[in-house]
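In each ligand, atom 1 is the first atom listed, and ligand 1 is the first ligand listed. Numbers for residues simply follow the sequence, beginning at 1.
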Amino acid sequence: MSEFKPLVFSGVQPTGNLHLGNYLGAIRKFVALQDNNDCMYCVVDLHALTAQLVHEDMRGQIRSITAAFLAAGIDPKRHIVFNQSQVPQHAELAWIFNCVARIGWMNRMTQFKDKAGKDREQASLGLYAYPSLMAADILVYRATHVPVGEDQKQHLELTRDIAMKFNMDFMEKIRPTGLGVDITVGDEPVHAYFPMVEPLIDGPAPRVMSLKDGSKKMSKSDPSDLSRINLMDDSEAISRKIRKAKTDPDALPSEVDGLKCRPEADNLVGIFAALADKTKAEVLTEFGGQQFSVFKPALVELAVEVLAPINAEMRRLMDDPGHIDAVLRDGGERARARAEKTMTEIRDIIGFVR
Ligand code: AQP
């Protein structure tokens with residue numbers, strides 16, 4: 001529907017060890033998309049301050065996410081890899097979006113509720129405003145497509161709401177600038193400055209669950225390291241964690257319907273499918289009727305085969321922080337030029353004097 005120039009944007013927070021959920025839900029899609037698209041991949045370090053202000057090794061975390069991007073196969077020469085704090089225009093646009101977004105919209109964000117927990121009064125204002133900064137990350141480049149895990153779906157809907165409200169509120173100011181694009185949203189024609197971003201969530205593992213509890217998402221902040229496979233885990237750790245993963249006593253079903261009400265089995269089959277680039281149905285054609293004692297070793301073998309080269313390359317890159325910093329500096333410079341172009345236009349649309 002969009003006549004905007006296609007652009008892929010996504011970000012990852014430097015808040016701990018990357019895990020299989022981050023890889024399958026996000027980074028692997030980043031790699032696949034770069035063949036046919038202009039892509040920007042960002043280490044969102046400003047977001048990392050929202051839940052915890054002081055980080056023991058912020059620089060190391062930023063480098064490690066960047067190393068994961070590169071080790072997974074992202075090409076920083078053809079595309080742009082950078083860290084958010086190098087481009088102050090993200091924060092500038094986020095302020096404008098704080099004035100576009102409505103408090104009622106923000107109050108519905110489930111991630112804030114989850115992360116703030118019971119003591120909401122003690123959560124930072126930044127955590128509350130997180131989705132507004134995320135909208136700015138994307139829209140400061142007028143990006144059209146955003147590959148993310150399912151947990152980010154609600155934030156992307158909010159990004160569309162913010163874009164739509166800005167477009168509608170400023171439509172008569174956008175029109176004379178010649179910077180807008182005629183699009184249709186629903187049945188409504190809109191002369192838009194910002195595109196309606198499309199989330200790219202599909203795949204067999206849009207939400208990888210904890211290995212210890214099939215009802216909780218795999219997460220960097222889970223206190224149990226056994227709940228997740230980290231990209232920096234060696235083969236022995238991967239094998240131990242999969243062998244200890246929670247399951248039920250039944251054999252695997254032959255049909256996908258048989259995974260309903262079996263969250264742990266569903267999760268492991270989904271992980272296998274994503275790692276093997278197959279559908280869950282194809283995995284069950286191979287393993288239906290088999291016990292976990294057969295399936296788990298096959299999953300270990302596959303996980304090690306896919307993750308070991310990434311792990312080795314990450315370690316190699318982490319030994320050369322100068323190279324990683326140079327990649328980020330170069331990406332930051334190119335991202336800043338694009339973001340400043342947008343901000344100059346937005347300042348004009350709003351009517352700031354320059
Ligand atoms: N379990 C998951 N399954 C699929 N995708 C996931 N993502 C995160 N967890 C899963 C996707 O990874 C990308 C980067 O996430 P992030 O680090 O920016 O933020 P997050 O969603 O808050 O990730 P974590 O790992 O759960 O961290 P903590 O514990 O700090 O909250 C996003 O595209 C996300 O959807």
Less than 4.0 angstrom from a charged side-chain N to a carboxylate O is my criterion; do [X] and [Y] meet it?
{"X": "D38", "Y": "R338", "answer": "yes"}
{"X": "K212", "Y": "E264", "answer": "no"}
{"X": "D319", "Y": "R316", "answer": "no"}
{"X": "R228", "Y": "D222", "answer": "no"}
{"X": "E157", "Y": "R160", "answer": "no"}
{"X": "R347", "Y": "E340", "answer": "yes"}
{"X": "D325", "Y": "R329", "answer": "no"}

Considering M134, Q13, K29 one by one, which has a heavy atom nearer to atom 18 (O) of ligand 1 than any of the others?
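The residue whose heavy atom sits nearest atom 18 (O) of ligand 1 is Q13.
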Are any of the N/O atoms on [X], whether in the backbone or the side chain, positioned under 3.5 angstrom from an N/O atom of ligand 1?
{"X": "D151", "result": "yes"}
{"X": "S10", "result": "no"}
{"X": "D222", "result": "no"}
{"X": "R207", "result": "no"}
{"X": "G21", "result": "yes"}
{"X": "V12", "result": "no"}
{"X": "M209", "result": "no"}
{"X": "A26", "result": "no"}

Side chain to side chain, T184 and V190, heavy atoms closer than 4.5 Å
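No. Closest side-chain heavy atoms not under 4.5 Å.
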Student check: side-chain heavy atoms of V12 and V43 closer than 4.5 Å
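Side-chain contact under 4.5 Å: no.
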Name the closest protein heavy atom to [atom], giving the residue it belongs to and the distance to 0.1 Å.
{"atom": "atom 24 (P) of ligand 1", "result": "K217 NZ, 3.7 Å"}
{"atom": "atom 1 (N) of ligand 1", "result": "V208 O, 2.7 Å"}
{"atom": "atom 16 (P) of ligand 1", "result": "K220 NZ, 3.6 Å"}
{"atom": "atom 8 (C) of ligand 1", "result": "N22 ND2, 3.2 Å"}

Any side-chain donor near an acceptor of the partner, [X] and [Y], under 3.5 Å:
{"X": "T110", "Y": "Q154", "answer": "yes"}
{"X": "Q84", "Y": "D137", "answer": "yes"}
{"X": "Q86", "Y": "E333", "answer": "no"}

Ligand-side contact atoms (ligand 1) for residue partner [X], heavy atom cut-off under 4.0 Å:
{"X": "G25", "answer": "4 (C), 5 (N)"}
{"X": "P206", "answer": "3 (N), 4 (C), 5 (N)"}
{"X": "M218", "answer": "1 (N), 2 (C), 9 (N)"}

Report the part of T15 in contact with ligand 1, treating N, CA, C, O as backbone and CB onward as side chain, heavy atoms under 4.0 Å; options are side chain, backbone, both, neither.
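The side chain, only.
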Tell me the contacting part of E150 for ligand 1: side chain, backbone, both, or neither, using a 4.0 Å heavy-atom threshold, strictly below.
neither
Check if [X] has a non-hydrogen atom at a distance under 4.0 Å from any atom of ligand 1.
{"X": "K115", "value": "yes"}
{"X": "H19", "value": "yes"}
{"X": "A51", "value": "no"}

Can you say whether the rings of F166 and Y193 are parallel (under 30°), tilted (30 to 60°) or perpendicular (over 60°)?
tilted
